[in-house]
Every structure is written in C-alpha cells, then in structure tokens.
Amino acid sequence: DVQLVESGGGSVQAGGSLRLSCAASEYTYNSNFMGWFRQAPGKEREGVASITSGGVGTYYADSVKGRFTISRDNAQNTVYLQMNSLKPEDTAMYYCAARGYGGNWYGPLEKASYGYWGQGTQVTVS
C-alpha cells in the first residue's frame, strides 16, 4: 500500500514559520530516502530537503539551508519539514516523496530518484 499524505500548509507572513507533516504507509515509509519537494507556478519541481531511513543523513537545497529542518518519527511513519524565516520566494506547492524500492539514483534532491509522491500542500508567504 503506497500512501503519502501531506498537511500543515497555509498562509504566513514573511519571517514566519510553518511545519509540514507527511504521513506515510509503512511500506512507503520504509523505502529508504524520504524527501520534500516544491513547485511554484511556471517552475520546475525542485528538491528542498531529504532524509535517510535512519534519520542520520539529511540534505538541503542551498536556498533553504539554515532555515528549514527535515526530520522523521519512525514510530509514527511521519516525516516533517520545519520551515522558519519564511520568504515570499518559498511560496509553492510542497510535495512529500518516497524513494521506493528500485529505480535509478540521481541524488537525494533529484525528483527522478523518487517513485512515490503525495498530493501536495500549499504554502503561501506574503
């Protein structure tokens, strides 16, 4: 059973914070890397942050380093993205992704490395 459900998006003023959550089915959650991606209107989907299955390895896009933190709760099969010091350029649809159990590997922040995707949650920063 493959399932990824994001929540926590919303509208916030610049400088504010939001915490996104991604609840995954056990099968999906155990598929090694989990990641957060975002897509703004007219732009490509880009990797924001990713985390290894054990939570030891984390990776961030340069644009969010020092502001965003990815974490996971293995007891709850949930991945989080804490977003602080939000900027208007962070406005986008945010998607949770899971690597899956096969496919080519292009890197932890490359969308082609991930086989499963959620429906997305909108983040708007004004």
Side-chain angles (χ1 to χ4, degrees):
D1 180 29
V2 177
Q3 187 176 23
L4 294 167
V5 180
E6 303 98 333
S7 62
S11 297
V12 64
Q13 291 188 336
S17 298
L18 284 173
R19 188 194 197 200
L20 305 184
S21 298
C22 173
S25 62
E26 186 171 358
Y27 176 83
T28 308
Y29 186 82
N30 288 335
S31 66
N32 203 350
F33 274 83
M34 299 284 292
W36 285 97
F37 289 73
R38 67 186 181 188
Q39 188 167 17
K43 293 188 176 182
E44 293 286 324
R45 189 171 299 190
E46 62 175 357
V48 175
S50 66
I51 188 168
T52 57
S53 58
V56 175
T58 56
Y59 304 84
Y60 296 94
D62 288 342
S63 58
V64 306
K65 280 180 182 176
R67 300 188 299 122
F68 291 11
T69 302
I70 189 171
S71 61
R72 63 193 297 166
D73 183 341
N74 290 343
Q76 300 293 327
N77 290 352
T78 300
V79 177
Y80 302 98
L81 185 68
Q82 178 66 45
M83 305 186 295
N84 299 329
S85 302
L86 282 161
K87 304 175 181 180
E89 50 263 45
D90 294 318
T91 295
M93 184 72 78
Y94 282 71
Y95 297 90
C96 179
R99 160 102 177 111
Y101 295 92
N104 294 326
W105 178 247
Y106 299 94
L109 296 178
E110 295 296 327
K111 58 183 183 291
S113 296
Y114 295 80
Y116 303 118
W117 296 86
Q119 293 300 306
T121 184
Q122 178 68 37
V123 171
T124 302
V125 185
S126 60

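Quick note: residue numbers are just sequence positions, from 1.
The structure places CG of L81 at 11.0 Å from CD of E6, a figure rounded to the nearest 0.5 Å. Atom CZ in R99 sits 12.0 Å away from atom OG in S53 (nearest 0.5 Å). Considering CD of Q122 and OG1 of T91, their distance stands at 7.5 Å, rounded to 0.5 Å.
For the ring-ring contact (aromatic ring centres under 6.0 Å, His included) test, no residue two or more places apart in sequence or in another chain qualifies with Y95. Scanning for side-chain hydrogen bond (donor to acceptor under 3.5 Å, both in side chains) contacts around D73 gives an empty result, with sequence neighbours left out. Residues meeting the side chain to side chain contact (heavy atoms under 4.5 Å, CB included) test with S7, sequence neighbours left out: S21. Not a single side-chain hydrogen bond (donor to acceptor under 3.5 Å, both in side chains) links R19 to another residue, sequence neighbours left out. In this structure V123 satisfies the side chain to side chain contact (heavy atoms under 4.5 Å, CB included) test together with L18, L20, M83, Y94, V125, sequence neighbours excluded. In this structure, the ring-ring contact (aromatic ring centres under 6.0 Å, His included) partners of Y101, at least two apart in sequence or on a different chain, are Y27. Scored by the side-chain hydrogen bond (donor to acceptor under 3.5 Å, both in side chains) test, D90 finds R38, R67 as partners (sequence neighbours excluded). With sequence neighbours excluded, no residue satisfies side-chain hydrogen bond (donor to acceptor under 3.5 Å, both in side chains) with Q3. For K65, the salt bridge (charged side-chain N to carboxylate O under 4.0 Å, His left out) partners are D62, not counting sequence neighbours. Listed by chain and number, the residues in a salt bridge (charged side-chain N to carboxylate O under 4.0 Å, His left out) with E44 are K111 (sequence neighbours excluded). For S71, the side chain to side chain contact (heavy atoms under 4.5 Å, CB included) partners two or more places apart in sequence, or in a different chain, are Y80.
There is no path of hydrophobic side-chain contacts, each under 4.5 Å, that joins M93 to M34. W36 and V64 fall within a single hydrophobic cluster, where Ile, Leu, Val, Met, Phe, Trp and Tyr side chains are chained together by heavy-atom contacts under 4.5 Å.
For the pair Y60 and T69, the minimum side-chain heavy-atom distance is below 4.5 Å.
A 6.0 Å sphere centred on CD of E89 holds more than 12 heavy atoms belonging to other residues, nucleotides or ligands.
Residues L4 and C22 approach most closely at CD2-SG, 3.8 Å, considering heavy atoms. Closest non-hydrogen pair, A61 versus G47, comes out as CB-O, 3.4 Å. Pairing each heavy atom of V56 with each of T52, the nearest pair is N-OG1, 3.5 Å. Across all their heavy atoms, P88 and A14 have their closest contact at CD-CB, 4.1 Å.
In terms of modelled atom types and a separation under 3.5 Å, the side chain of S113 and the main chain of G107 share a donor-acceptor contact.
Sorted by first then second residue, the ring pair (Phe, Tyr, Trp, His ring centres under 6.0 Å) pairs that include residues 104-126, not counting sequence neighbours, are F33-W105, F37-Y114, F37-W117.
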